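The structure appears below as structure tokens.
Residue numbers begin at 1 in each chain, while the letters A, B, ... track the order of the sequences. The figures here come from the full heavy-atom set of this structure, side chains too, leaving out hydrogens, waters and symmetry mates. Just so we're clear, the structure is a prediction, and the values are computed from it rather than from any experiment.
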Number of protein chains: 2
Amino acid sequence: MSPLKDQILVVATDLFHTRGINSTGVDTIVAVAGTTKMTLYKYFNSKEELILEVLQKSQQDFQSWLNEKLNLNSKKPAEKIQRFFDYIEEWVNSPEFIGVGFIKASAEFPNEENPIHQLSSQQSREFRQFIGKLANEASIKDADGLALQLSLLFEGAVQAEQMKRGSGAIKYAKKAAKILIDGAIKG
Amino acid sequence: MSPLKDQILVVATDLFHTRGINSTGVDTIVAVAGTTKMTLYKYFNSKEELILEVLQKSQQDFQSWLNEKLNLNSKKPAEKIQRFFDYIEEWVNSPEFIGVGFIKASAEFPNEENPIHQLSSQQSREFRQFIGKLANEASIKDADGLALQLSLLFEGAVQAEQMKRGSGAIKYAKKAAKILIDGAIKG
DNA sequence: TATATACTATACAGTTCTGTATATTTTAAT
DNA sequence: ATTAAAATATACAGAACTGTATAGTATATA
């Protein structure tokens, strides 16, 4: 990938989170990125396309990071799902955390026909399915049910953290997750 | 309250939810409400003020509805918190449900200095404190901890429902809430 | 050194948005 | 019926935003 394209994606990701997507103009993006609109529109056909690529890259980066953490530190499937929220906590509490793209994007583009909303919805579903796979591999009976519940705690905690940085919500989400996971493993 | 002002608030609430706040212009609001910009700016000094009033009215209406449900059907404090999510489910599954204002607004206005963000954050906190009061009256030890967890399930489920109408997330949020509440009552 | 490519600089067309100015019409109260 | 208040109709100033057109500059490759 071209360094300039990457720089535009990095800057856009940050600005979309800190100022909002609709409130961030392409002029601001190129000014901060140190380039021009002509270059931006060379790599992205429209602002919508830029938003979609930002969402995809953000989710890919997060998933890669999470996969690495899970595979590096846990071998047994049951361990993985039990440590899942530890890594979520680590990620949310890291200074680089600025929020979750698909949560914010779905709020700014509420129409279910909108491509940005559809991608957001897809990413949320895929993340839930990823948790479901962890639960399934840990031989949990209602794996999908637990996955949905954990995803609610995840999205709720992220939402709380986006609303007030340093809320500490993730700590309690983790505790709740442990109760639900332990109950699901036994049951 | 003037019928026109009320009509503007009703229409704005709907449009903010279905099209997004920043994406909804005042021209659209007055056109749908069947009035003019002059009238809108008579009752609201700015679009920001309109947004703030929409948020306040939405939360007031919801809280009133919820209080009535709780006080009408339950006398014992323990019963109240146990039925809390039943009413949340009823509300989310009702056809009139279009989302939660403070969740969407905080996403569209991420800057913590912004008055709209601040009101959203305040409403989220107050709702959590309301749950905390229910938990406290039910003699639950870590009432605030439980309240935070239930609020995460609430916001997560609402988020999921805003992302995909008819997701069924609230059903599983309710199940998780029951587990957490039962555990907190015993412990 | 010649040439293609990448990038910059800048202006601008066209649209949309907030908020106001101005004049007119409707409604309600005396 | 007269008068004050409420609401409408409409135009517009000024700003912001997306996307493009055009011309010039840097960079790398041959």
[X] side chain to [Y] side chain, donor-acceptor N/O pair below 3.5 angstrom:
X: A:Q82; Y: A:S74; answer: no
X: A:Q59; Y: A:Q63; answer: no
X: A:Q56; Y: A:Q60; answer: no
X: A:T35; Y: A:Q7; answer: no

**Message:** Across nucleotides 7-14 of chain D, 5' to 3', mark each nucleotide with B, S or - according to how protein heavy atoms within less than 4.0 Å reach it.
**Reply:** SBBB----

**Asked** Is there a donor-acceptor contact under 3.5 Å from the side chain of A:K104 to the main chain of A:H17?
**Response** yes

**Prompt:** Of all of residues 44-55 of chain B, which get a heavy atom below 4.0 angstrom from DNA chain C, listed by number?
**Reply:** B:S46, B:K47

**Sub-4.0 Å heavy-atom contacts from residues 14-33 of chain A onto DNA chain C, ordered by number** = none

**Request:** Rounded off to whole Å, could you give me the CD1-to-P distance for the B:I8 and C:dT18 pair?
**Result:** 14 Å

**Prompt:** Atom CD of A:Q7 and atom P of C:dC7: how far apart are they, to the nearest Å?
**Reply:** 13 Å

**Message:** Would you call the rings of B:F127 and B:F102 parallel, tilted or perpendicular, taking 30° and 60° as the class edges?
**Reply:** tilted

**Six-ring centre of B:Y87, B:K80 cation under 6.0 angstrom, axis tolerance 45°** = no

**Asked** With a distance cut-off below 6.0 Å to the six-membered ring centre and an angular limit of 45° from the axis, does B:K175 pair with B:Y172 as a cation-pi contact?
**Response** yes

**Asked** CD of A:E155 to CG of B:L152: how many Å apart, nearest 0.5 Å?
**Response** 11.5 Å

**Prompt:** How many angstroms lie between CE in B:M163 and OG in A:S106, if you round to the nearest 0.5 Å?
**Reply:** 3.5 Å

